[in-house]
Amino acid sequence: KEIEMALDKEEKLLRQYLDSSPTMFLVINREHTVELVNKRTCEILGVEEVAILKKNWFKNFIPTRDKKRLMELFEDIIQERLEVPNMYENLVIAKGGEERLIQWSNATLRNANNEIIGVVSSGLDITETTVLQDTLNIRNRALEAVGNGIIIVDAQHPLQPIIYGNKSFTDITGYGVEEVTGKNCRF
């Protein structure tokens, strides 16, 4: 009885650790079935735990266009034809068909005979970060493409240092960006 109580206590503590994590956490077995998820996984997917557990991960939570590729990757890992990628990004389908881009960190789970029995993954939702980065890249390309010399200063800093200068600025003024970065804009 004491052993059962100790095991129950440890299980509850482990669950508390998993559910307090800011990252998604899931375990997928050899049959592609979800064995374990945490609270964050449920939040990102927009569904309750019971809607995820014992479901085929690839059939239920991966976009149709990616299913075959990801199932083949998973099988190659399970069959030990391929090392599990430590970091991997792919889309998942959340409630209502919304796609979220997740950056996964992965490891294999092995049984007592050292056979792979599944994959454990923790993931960060990088959807907004990726959109923001794409937007910044477009703006940076636009700033570089214009024929006008442009500098950007940190107006909130008392010295108003230059934090950016485009190629046209360097062509027009003859100053290199590294020469003016950090200097007051009235140099």
Side-chain angles (χ1 to χ4, degrees), residues 18 20-28 34 37-47 52 57-77 82-108 119-187:
L18 288 174
S20 65
S21 173
T23 63
M24 296 174 72
F25 187 85
L26 73 142
V27 174
I28 305 170
V34 179
V37 296
N38 70 343
K39 183 178 170 183
R40 185 67 179 142
T41 303
C42 298
E43 291 170 356
I44 289 172
L45 295 178
V47 294
I52 304 169
W57 176 254
F58 301 101
K59 289 182 180 174
N60 291 283
F61 302 102
I62 300 297
T64 303
R65 66 184 176 278
D66 297 335
K67 284 180 188 185
K68 183 178 182 216
R69 175 179 54 84
L70 292 175
M71 285 172 56
E72 287 172 358
L73 173 66
F74 187 83
E75 284 305 313
D76 284 343
I77 291 165
L82 183 66
E83 286 287 320
V84 66
N86 182 40
M87 293 296 250
Y88 196 83
E89 293 177 9
N90 67 271
L91 293 168
V92 298
I93 300 172
K95 186 176 181 178
E98 178 187 13
E99 292 185 355
R100 308 294 300 174
L101 182 61
I102 309 300
Q103 182 181 59
W104 299 103
S105 180
N106 307 288
T108 53
V119 173
V120 58
S121 302
S122 66
L124 287 171
D125 185 346
I126 60 169
T127 307
E128 279 81 21
T129 304
T130 303
V131 169
L132 181 60
Q133 187 62 49
D134 290 346
T135 302
L136 288 173
N137 288 339
I138 290 168
R139 287 182 185 163
N140 287 343
R141 287 195 310 267
L143 286 171
E144 289 298 323
V146 296
N148 297 335
I150 297 175
I151 59 169
I152 299 175
V153 301
D154 181 354
Q156 298 199 8
H157 190 283
L159 298 177
Q160 297 182 333
I162 296 172
I163 58 173
Y164 171 83
N166 69 353
K167 183 172 180 344
S168 293
F169 171 79
T170 62
D171 291 344
I172 293 167
T173 65
Y175 289 107
V177 173
E178 60 281 343
E179 290 178 78
V180 297
T181 300
K183 293 198 164 111
N184 181 279
C185 61
R186 287 181 241 118
F187 71 97

Review point. Donor-acceptor pair, Lys67 side chain versus Lys59 backbone, under 3.5 Å?
Key: yes
Exercise for review: Apply side-chain hydrogen bond (donor to acceptor under 3.5 Å, both in side chains) to Thr181 and list each qualifying residue two or more places apart in sequence or on a separate chain.
Suggested key: none
Review point. Can you tell me if Thr41 uses its side chain to pair, donor with acceptor, with the backbone of Phe25 under 3.5 Å?
Key: yes
Exercise for review: Please identify each residue that fulfils side-chain contact (heavy atoms from CB on, under 4.5 Å) with Lys39, with sequence neighbours left out.
Suggested key: Asp19, Glu43
Review point. Which pairs, with at least one residue in residues 132-174 and sequence neighbours excluded, count as a ring-ring contact (aromatic ring centres under 6.0 Å, His included)?
Key: none
Review point. Who passes side-chain contact (heavy atoms from CB on, under 4.5 Å) against Arg186, sequence neighbours left out?
Key: Gln160, Asn184
Review point. Tell me the salt bridge (Lys or Arg N to Asp or Glu O under 4.0 Å) pairs involving residues 156-179, sequence neighbours left out?
Key: Lys167-Asp171
Exercise for review: Only counting residues at least two apart or in another chain, list the ones meeting side-chain hydrogen bond (donor to acceptor under 3.5 Å, both in side chains) with Ser122.
Suggested key: none
Review point. With Glu72, which residues qualify under side-chain hydrogen bond (donor to acceptor under 3.5 Å, both in side chains), at least two apart?
Key: none
**Study point:** side-chain hydrogen bond (donor to acceptor under 3.5 Å, both in side chains) involving Asn137 - partner list, sequence neighbours excluded
**Key:** Gln133
Review point. Could you give all pairs that pass the salt bridge (Lys or Arg N to Asp or Glu O under 4.0 Å) test and reach residues 153-164, with sequence neighbours left out?
Key: none
Less than 3.5 Å apart, which donor and acceptor atoms pair up between the side chains of residues 82-93 and the rest of the protein, not counting sequence neighbours?
{"from": "Tyr88", "atom 1": "OH", "to": "Arg69", "atom 2": "NH1", "distance (Å)": "2.6"}
{"from": "Glu89", "atom 1": "OE2", "to": "Gln103", "atom 2": "NE2", "distance (Å)": "3.4"}
{"from": "Asn90", "atom 1": "OD1", "to": "Trp104", "atom 2": "NE1", "distance (Å)": "3.0"}

Revision key, fill the gap. Applying side-chain contact (heavy atoms from CB on, under 4.5 Å) to Glu75 and not counting sequence neighbours gives His32, Gln79, Arg81
Study note, to complete from the structure: Residues at least two apart in sequence or cross-chain that pass salt bridge (charged side-chain N to carboxylate O under 4.0 Å, His left out) with Glu98, listed by chain then number, are Arg100
Review point. Which atom names give the shortest non-hydrogen contact between Ile44 and Ile102, and what distance separates them?
Key: CG2-CD1, 4.2 Å
Study note, to complete from the structure: What one should report as the nearest heavy-atom pair of Val37 and Cys42 is CG2-SG, 4.1 Å
Check your understanding: Between Thr108 (side chain) and Ile77 (backbone), is there a donor-acceptor pair under 3.5 Å?
Key -> no
Review point. If only atom types and distance count, is the side chain of Asp125 paired as donor or acceptor with the main-chain N or O of Met24 below 3.5 Å?
Key: no
